[in-house]
Amino acid sequence: MAGKDVSERLIGLLTVRGGDLGSEWAEKVIGSLGGRISRTEVERELREIYTALVAALGDGSLDGHGEAFGEVRALLTELSRNRALQGFSPTETAASVFSLKEVLQSALTGEDTDVQAYLRFTALLDTLGLFTIEIYTRTREELISAQAEQLLELSTPVVKLWDGVIGVPLVGTLDSARTMVVMEKMLQALIDTGSEQAIIDITGVPAVDTEVAQHLLKTVVAARLMGAECTISGIRPQIAQTIVALGIDFGDIVTKATLADALRHALRRSGVAFSRPAPQAGVR
């Protein structure tokens, strides 16, 4: 059968019982989704796709591409993105398209023309089903990337410890991407708060290697270019031994064992005077 004849036959099969087939399709999809989406929403989505699909077949094309299938692919894009954001699997997403094959079987008369039309239609649905998986995968990747960026932001807070002193507590591994975030947030905080002292606390960093040390040095240099002095705190005995063993030179960068020591140093550099508390009466 020629492409135009196949399309006309498919339109006939899909429109003779159009309402029934659309309802059967919705029932199958609703069952596969386990009630996690309302019936009204599923019926609306599939009704729009069904109508657009029949209209596209009227153009005589069966490849699933081209202007004729523009609306179909746009609707499938919306469906795929929604399923990905709602937590459905790729299989569940593609099944929404593939289940139309089973529905159409009930409309076949057994004639050779129907069989040929059905085979061409299943190939079309395979193409559209793969398209939904592609969009689904792309959406999930975008979602994961966005979540990673949010976690990166949350894992690199910059806090004001005192007037003129900010702190950057680091927890976890320090890589290139995270270093850039730390540097940007710290430099912006220096500007916003007018601070001249910054403390980078690495108590929560499990290990310091050459790469991590280079990242820290770059951050300190960037702060100095802004006119601020950086102190690195959280240098535990194990980290100190590792730094010495690797031959890493922090130069004239001030390092302290604890955050309290670093804060005391930063306050002194800021001109804050410390005095011993006065003894209580009767206490020697």
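Residue Lys218 places its NZ atom among 12 or fewer non-hydrogen atoms of other residues, nucleotides or ligands, all under 6.0 Å distant. Around atom CZ of Arg269, no more than 12 heavy atoms belonging to other residues, nucleotides or ligands sit under 6.0 Å away.
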For this session: Apply the test side-chain contact (heavy atoms from CB on, under 4.5 Å) to residues Val205 and Val171: give CA-CA distance (whole Å), side-chain angles for both, the deciding distance (0.1 Å), then the verdict.
Result: CA-CA 5 Å; Val205 176; Val171 178; over 6 Å; no
Exercise. After noting the C-alpha distance and the side-chain angles of Asp126 and Lys101, does the key distance pass the side-chain contact (heavy atoms from CB on, under 4.5 Å) rule?
Worked result: CA-CA 10 Å; Asp126 288 342; Lys101 296 180 184 181; 2.5 Å; yes
Exercise. So Glu229 and Val220, side-chain contact (heavy atoms from CB on, under 4.5 Å) or not? Walk me through it.
Worked result: CA-CA 8 Å; Glu229 179 188 349; Val220 172; over 6 Å; no
Problem set entry | Lys28/Val103 under side-chain contact (heavy atoms from CB on, under 4.5 Å): CA gap, chis, key distance, verdict | CA-CA 8 Å; Lys28 281 189 173 294; Val103 173; 3.8 Å; yes
Exercise. What's the verdict on salt bridge (Lys or Arg N to Asp or Glu O under 4.0 Å) for Glu134 and Arg138, showing C-alpha distance, side-chain angles and the deciding distance?
Worked result: CA-CA 6 Å; Glu134 178 185 342; Arg138 190 182 307 162; 2.8 Å; yes
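Residues Glu71 and Leu75 meet the side-chain proximity criterion, which asks for heavy atoms closer than 4.5 Å. Within the 4.5 Å cutoff, the side chain of Tyr118 has no heavy atoms near those of the Leu10 side chain. Side chains of Leu124 and Leu53 form a contact here, defined as non-hydrogen atoms less than 4.5 Å apart. Contact of the Ile202 side chain with the Ile232 side chain is registered, since non-hydrogen atoms from C-beta on lie closer than 4.5 Å.
Looking at Ser38 and Thr40, their side chains never bring a donor and an acceptor atom within 3.5 Å of each other. Ser99 and Trp25 form a side-chain donor-acceptor contact under 3.5 Å, judged by distance and modelled atom types alone.
When all heavy atoms of Ser270 and Gln197 are compared, the closest pair comes out as OG-CG, 3.4 Å. Scanning both residues, Ala223 and Leu190, for their nearest heavy atoms gives CB-CD1, 4.2 Å. Nearest heavy atom pair, residue Ser195 against residue Ile166, reads OG-CG2, 3.4 Å. When every heavy atom of Leu187 is checked against every heavy atom of Ala222, the shortest pair comes out as CD2-O, 3.7 Å. What you find for Tyr136 and Pro90 is that their closest heavy atoms are CE2-CG, 3.3 Å. Here the shortest heavy-atom pairing between Ala26 and Val42 reads O-CG1, 4.3 Å.
Note: the hydrophobic cluster containing Val182 also contains Ile191 (ILVMFWY, side chain heavy atoms under 4.5 Å, direct or indirect links). In the hydrophobic cluster analysis, where Ile, Leu, Val, Met, Phe, Trp and Tyr join through side-chain heavy atoms closer than 4.5 angstrom, Leu130 is grouped apart from Leu128. Hydrophobic clustering, with ILVMFWY side chains joined whenever heavy atoms are under 4.5 angstrom apart, keeps Leu46 apart from Phe98. Hydrophobic clustering, with ILVMFWY side chains joined whenever heavy atoms are under 4.5 angstrom apart, groups Trp162 together with Val159. In terms of hydrophobic clustering, with Ile, Leu, Val, Met, Phe, Trp and Tyr side chains grouped at heavy-atom distances under 4.5 Å, Val212 and Phe250 are assigned to a common cluster.
The distance from atom CD1 of Ile49 to atom CG of Leu79, rounded to the nearest 0.5 Å, is 5.0 Å. Of the inter-residue distances, the one linking Phe88 atom CZ with Ser80 atom OG reads 12.5 Å to the nearest 0.5 angstrom. Leu263 contributes atom CG, which lies 9.5 Å from atom OG1 of Thr258 (distance to the nearest 0.5 angstrom). Residue Cys230 holds its SG atom at 9.5 Å from CD1 of Ile199, rounded to the nearest 0.5 Å. Summarising the geometry, atom CG belonging to Leu259 is positioned 5.0 Å from atom CG belonging to Asp201; distances are rounded to the nearest 0.5 Å. Atom CG of residue Leu216 and atom CD1 of residue Ile253 lie 8.0 Å apart, to the nearest 0.5 angstrom.
Side-chain contacts under 4.5 Å among hydrophobic residues (ILVMFWY), followed directly or transitively, place Val254 with no other residue at all.
At distances below 3.5 Å, at least one donor-acceptor pair connects side-chain atoms of Thr193 with backbone N or O atoms of Ala189.
Legend: side chain to side chain donor-acceptor pair (under 3.5 Å) pairs involving residues 238-255, not counting sequence neighbours, sorted by first then second residue: Arg224-Asp252. The salt bridge (charged side-chain N to carboxylate O under 4.0 Å, His left out) pairs that include a residue from residues 30-42 are Glu27-Arg39, Arg36-Glu92, Arg39-Glu43, where partners are two or more places apart or lie in different chains.
Salt bridge Arg44/Glu48: present, at least one basic N to carboxylate O contact under 4.0 Å. A salt bridge links Glu142 with Arg81; the closest basic N to acidic carboxylate O contact falls under 4.0 Å. With salt bridges taken as basic N to acidic carboxylate O contacts below 4.0 Å, one links Glu45 and Arg83.
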